[in-house]
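Note: hydrogens, waters and symmetry copies are ignored here, and every other heavy atom, side chains too, is used. This one's a predicted model, so the numbers in the text were calculated from it and none came from an experiment.
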Amino acid sequence: NQSVYKEEDIMAQKEVTGYVGWVYFAGILMIIAGIFQAIAGFTALLNDKFYALVNESLLVVDVTTWGWLHLLLGLLIFAAGMAVLSGHVWGRIVAIILAVLSISAQFVFIGAYPFWSLLIIVADITIIYALIVHGDEVNA
């Protein structure tokens with residue numbers, strides 16, 4: 001009888017709930033964050049006087065290096081957000097890792113930009129929650 005499903009097939013199917021919107025929200029938030037990171041990188045590359053500097057360096061790297069890092073990070077976050085929206089598992093894994101790294105990085109800037117840093121930390125925690133709890137509801 002073709003209407004009988006194997007137990008593995010039934011267990012492999014994940015019920016999609018209304019909470020899947022959290023995953024799409026996380027993916028869109030990642031795309032927006034990627035764009036903002038890229039803009040911050042471009043800003044550092046095009047105008048090295050824009051950011052407050054101590055001895056012509058930002059933390060332990062010069063502004064140009066910092067700009068390139070943020071530009072590349074922005075592109076990676078953008079790609080991870082697109083992969084999350086497409087339902088790829090690797091996108092969720094990369095997005096969670098990047099969100100954890102972003103939280104860590106925001107603690108460095110919390111003294112200089114407290115409101116912005118706290119806003120990004122909350123957004124990153126929301127992304128992590130959405131992708132861990134409801135991420136498997138989106139299939140590629």
Side-chain angles (χ1 to χ4, degrees):
N1 188 354
Q2 292 182 355
S3 65
V4 177
Y5 291 101
K6 294 180 184 178
E7 186 176 341
E8 299 88 33
D9 292 339
I10 294 172
M11 296 301 290
Q13 295 175 354
K14 174 72 174 169
E15 181 181 343
V16 176
T17 66
Y19 293 107
V20 73
W22 278 98
V23 179
Y24 293 119
F25 174 75
I28 291 169
L29 200 56
M30 295 279 305
I31 291 170
I32 293 168
I35 292 169
F36 285 164
Q37 288 285 347
I39 289 171
F42 273 128
T43 302
L45 290 173
L46 299 176
N47 183 5
D48 59 353
K49 303 293 185 214
F50 182 81
Y51 293 100
L53 303 176
V54 177
N55 297 331
E56 294 300 318
S57 67
L58 186 66
L59 297 179
V60 293
V61 296
D62 63 58
V63 177
T64 303
T65 304
W66 188 82
W68 280 111
L69 288 173
H70 271 275
L71 180 60
L72 295 174
L73 183 62
L75 295 174
L76 185 60
I77 293 170
F78 183 87
M82 294 297 287
V84 165
L85 290 178
S86 300
H88 295 288
V89 175
W90 70 265
R92 291 195 316 261
I93 294 168
V94 170
I96 291 168
I97 291 169
L98 289 173
V100 169
L101 292 174
S102 175
I103 289 171
S104 303
Q106 291 309 313
F107 280 112
V108 174
F109 292 103
I110 205 160
Y113 303 105
F115 178 75
W116 180 255
S117 294
L118 291 173
L119 181 70
I120 298 300
I121 289 170
V122 169
D124 288 335
I125 290 171
T126 304
I127 289 169
I128 293 167
Y129 167 78
L131 296 178
I132 288 176
V133 176
H134 302 289
D136 59 346
E137 294 182 28
V138 180
N139 294 323

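- Closest approach of Ala130 to Trp22, counting heavy atoms only: CB-O, 3.4 Å.
- Linking Ile, Leu, Val, Met, Phe, Trp and Tyr residues whenever their side-chain heavy atoms come within less than 4.5 Å places Leu98 and Ile39 in a single cluster.
- Here the CD1-CD1 distance, from Ile127 to Ile132, works out to 11.5 Å after rounding to the nearest 0.5 Å.
- For residues 91-103, every residue pair satisfying the side chain to side chain donor-acceptor pair (under 3.5 Å) rule, not counting sequence neighbours, is listed here: Ser102-Asp124.
- Annotation: the span from Leu131 atom CG to Thr126 atom OG1 amounts to 10.5 Å, rounded to 0.5 Å.
- Pairs engaging residues 69-81 under the side chain to side chain donor-acceptor pair (under 3.5 Å) rule: Gln37-His70, Trp66-His70 [sequence neighbours left out].
- Two residues are said to be in side-chain contact when any heavy atoms from C-beta on lie closer than 4.5 Å; Phe36 and Ile120 fail this criterion.
- Transitive grouping of hydrophobic side chains (ILVMFWY, heavy atoms separated by less than 4.5 Å) brings Ile32 and Ile125 into a common cluster.
- The hydrophobic clustering, which links ILVMFWY residues whose side-chain heavy atoms are closer than 4.5 Å, places Ile121 and Val100 together.
- Trp68 is listed as a side-chain neighbour of Leu71, based on a closest heavy-atom distance under 4.5 Å.
- Leu75 and Ile28 are assigned to two separate hydrophobic clusters, defined by single-linkage of ILVMFWY side chains at heavy-atom distances under 4.5 Å.
- In the hydrophobic cluster analysis, where Ile, Leu, Val, Met, Phe, Trp and Tyr join through side-chain heavy atoms closer than 4.5 angstrom, Ile31 is grouped together with Val84.
- The distance from atom CZ of Phe107 to atom CD1 of Ile110, rounded to the nearest 0.5 Å, is 6.0 Å.
- For Ala80 against Met30, the heavy-atom pair with the smallest separation is CB-CE, 4.1 Å.
- Between Leu73 and Leu69, every side-chain heavy-atom pair lies at or beyond the 4.5 Å cut-off.
- Contact record, Ala99 with Ile128: CB-CG1, 3.6 Å, taken as the closest heavy-atom pair.
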